[in-house]
Number of protein chains: 2
Amino acid sequence: MLAYFAAAMVSKIPDQPLEIEIPEEISGLRMTRQRREVYRILQQERNHPTANDVFMRVKDRLPNISLATVYNCLEVLVQHGIIRQVNFERESSRYCPNLSEHGHFHDEATGVIHDVVFKPGITLADVLQLPPGALIQDVEITLRGKIATT
Amino acid sequence: MLAYFAAAMVSKIPDQPLEIEIPEEISGLRMTRQRREVYRILQQERNHPTANDVFMRVKDRLPNISLATVYNCLEVLVQHGIIRQVNFERESSRYCPNLSEHGHFHDEATGVIHDVVFKPGITLADVLQLPPGALIQDVEITLRGKIATT
DNA sequence: TCAATATCAAGAATTATTCTAATTATCATT
DNA sequence: AATGATAATTAGAATAATTCTTGATATTGA
């Protein structure tokens with residue numbers, strides 16, 4: 001019994017970064033338990049997880065959550081501009097809490113996805129010849145390649 | 001009977017642009033009948049058709065072609081760098097014979113897809129902060145928005 | 001011509017995602 | 001706290017694009 005309590009206490013020591021506080025509401029969206037945990041995982045796992053990745057991780061805290069709910073949560077978070085959805089070719093969508101304007105470099109050798117930002121002071125409109133009158137609502141810049149090993 | 005022949009002759013007058021000649025082989029890829037017709041349609045229809053769009057059009061000339069074959073043809077043409085595959089969000093892939101470096105602006109109001117090029121003299125490496133050693137194999141720049149109606 | 005290889009067709013299988021219907025939780029009022 | 005209204009969640013079925021499988025055809029090279 002003592003051993004059981006000790007184990008329980010030990011297991012409470014966080015091996016993850018300190019828990020992130022998430023408010024009751026973000027951008028007018030009520031943070032339900034499921035949405036909160038989904039969002040928390042995106043904050044912690046910065047490696048652009050898929051819906052299924054999130055599902056597997058979130059089950060630690062909400063064992064009864066369904067994959068459909070994870071999809072629902074991710075969708076509503078995207079719709080409210082709280083996270084971004086990122087697509088590579090026709091692979092599963094990935095999700096990312098980084099809202100600043102950035103693209104993604106997909107290292108084919110390792111599978112790692114790196115965020116890529118513009119050089120300071122440069123914006124997309126500076127470099128592209130857009131159709132006259134174009135009003136841009138969303139931009140996706142995706143690069144595939146490898147990182148040279150020195 | 002005469003009327004029938006006359007109608008048949010009239011129907012032979014091309015309403016499409018003059019037929020495009022396609023060589024026996026492109027980039028080391030043998031142009032079979034199916035590949036040739038698929039490629040011809042991409043050359044003619046510059047509106048970024050989906051595999052199914054191509055399938056419907058190609059059936060005029062090859063009534064027995066299957067959708068699987070259209071997918072096969074498109075895939076092998078992409079693999080040989082003869083055409084490009086373009087993805088918008090999670091919609092059906094679209095295909096495009098324009099090989100020059102360019103992005104795509106998707107007008108949400110009309111559904112029209114415009115090719116977008118860099119301003120002269122500017123290349124992507126000029127404007128992005130890439131991870132050190134990054135070797136880029138492929139770039140996808142996708143914009144969504146509307147065209148302002150003056 | 002004949003064998004080896006490549007391509008094609010038809011339909012089944014796969015996979016990510018969305019939908020449906022039933023249940024549960026939350027909120028605003030009393 | 002009970003009540004009704006609304007929103008969220010669940011489980012599993014449905015969907016749609018694409019890929020796979022298998023057997024048939026076509027093409028090439030000897």
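Residue numbers begin at 1 in each chain, while the letters A, B, ... track the order of the sequences.
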Q: Could you tell me whether B:E37 and B:R61 make a salt bridge, using a distance below 4.0 angstrom between a side-chain N and a carboxylate O?
A: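 Yes, this pair counts.
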Q: Remember a base hit wins even if backbone is also touched, and classify B:S93 as base, sugar-phosphate or nothing at under 4.0 Å, heavy atoms.
A: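 Sugar-phosphate, backbone atoms only, no base.
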Q: Let me know the distance between CG of A:L74 and C1' of D:dT9, rounded to the nearest Å.
A: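 So the two atoms are 14 Å apart, to the nearest Å.
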Q: Between P on D:dT18 and CG on B:N72, what's the gap in Å once rounded to a whole number?
A: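 The answer, rounded to whole Å, is 13 Å.
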Q: Answer yes or no: is there an ion pair linking A:E24 with A:R30, defined by an N-O contact shorter than 4.0 Å?
A: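 Looking at A:R30 together with A:E24, the answer is no, because their closest N to O distance does not fall below 4.0 Å.
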Q: Taking only side-chain N and O atoms of B:Q34, does any of them lie within less than 4.0 angstrom of OP1 or OP2 on D:dA26?
A: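 Negative; the distance criterion is not met.
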Q: What's the CD-P distance between A:Q79 and D:dA7, to the nearest Å?
A: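 In whole Å, D:dA7 P and A:Q79 CD are 14 Å from each other.
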Q: Atom CG of B:L29 to atom C1' of D:dT28: distance rounded to whole Å?
A: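 Rounded to the whole Å, the gap is 15 Å.
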Q: Between B:E108 and B:K146, is there a salt bridge with N-O shorter than 4.0 Å?
A: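 Not counted as a salt bridge, because no side-chain N and carboxylate O are separated by less than 4.0 Å.
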Q: Output every pair passing side-chain hydrogen bond (donor to acceptor under 3.5 Å, both in side chains) with a member in residues 125-142 of chain A, not counting sequence neighbours, ordered by first then second residue.
A: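 Sorted result for residues 125-142 of chain A: empty, none.
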Q: From CZ of A:R36 over to P of D:dT9, roughly how many Å is that when rounded to an integer?
A: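 For the pair A:R36 CZ and D:dT9 P, the rounded distance is 11 Å.
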Q: Counting only side-chain heavy atoms from C-beta out, which of D:dT9, D:dA8, D:dT18 sits nearest to A:T69?
A: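 From the listed options, D:dT9 comes nearest.
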Q: Side chains of B:T50 and B:D53: do they bring a donor and an acceptor to under 3.5 Å?
A: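 Yes - a donor-acceptor pair under 3.5 Å links their side chains.
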Q: Pairs in or reaching into residues 69-103 of chain B: which pass ring pair (Phe, Tyr, Trp, His ring centres under 6.0 Å), with residues at least two apart or in two chains?
A: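 Listed once each, the pairs are B:F88-B:H106, B:H102-B:H104.
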Q: To the nearest angstrom, how far is A:R35 atom CZ from D:dA8 atom C1'?
A: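 Between C1' of D:dA8 and CZ of A:R35: 7 Å.
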Q: Is B:R144 paired with B:E89 through a side-chain N to carboxylate O contact shorter than 4.0 Å?
A: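 A salt bridge links B:E89 with B:R144.
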Q: For D:dA7 and A:T32 - does any side-chain N or O of the residue sit under 4.0 Å from the phosphate oxygens OP1/OP2?
A: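 It does not, given that no N or O in the side chain of A:T32 lies less than 4.0 Å from OP1 or OP2 of D:dA7.
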Q: Roughly, in whole Å, what's the span from CZ in A:R33 to C1' in D:dA7?
A: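 The answer, rounded to whole Å, is 14 Å.
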Q: How long is the line joining CG of B:N52 and C1' of D:dA17, in whole Å?
A: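 Rounded to whole Å, this separation is 10 Å.
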Q: If you only use heavy atoms from C-beta on, which nucleotide in D:dA11, D:dT9, D:dA17 is closest to the side chain of A:R90?
A: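 Nearest to the side chain of A:R90 among the choices is D:dA17.
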Q: First and last nucleotide of DNA chain C touching chain B, 5' to 3', heavy-atom cut-off 4.0 Å?
A: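 On DNA chain C, the outermost contacted nucleotides are C:dA6 to C:dT17.
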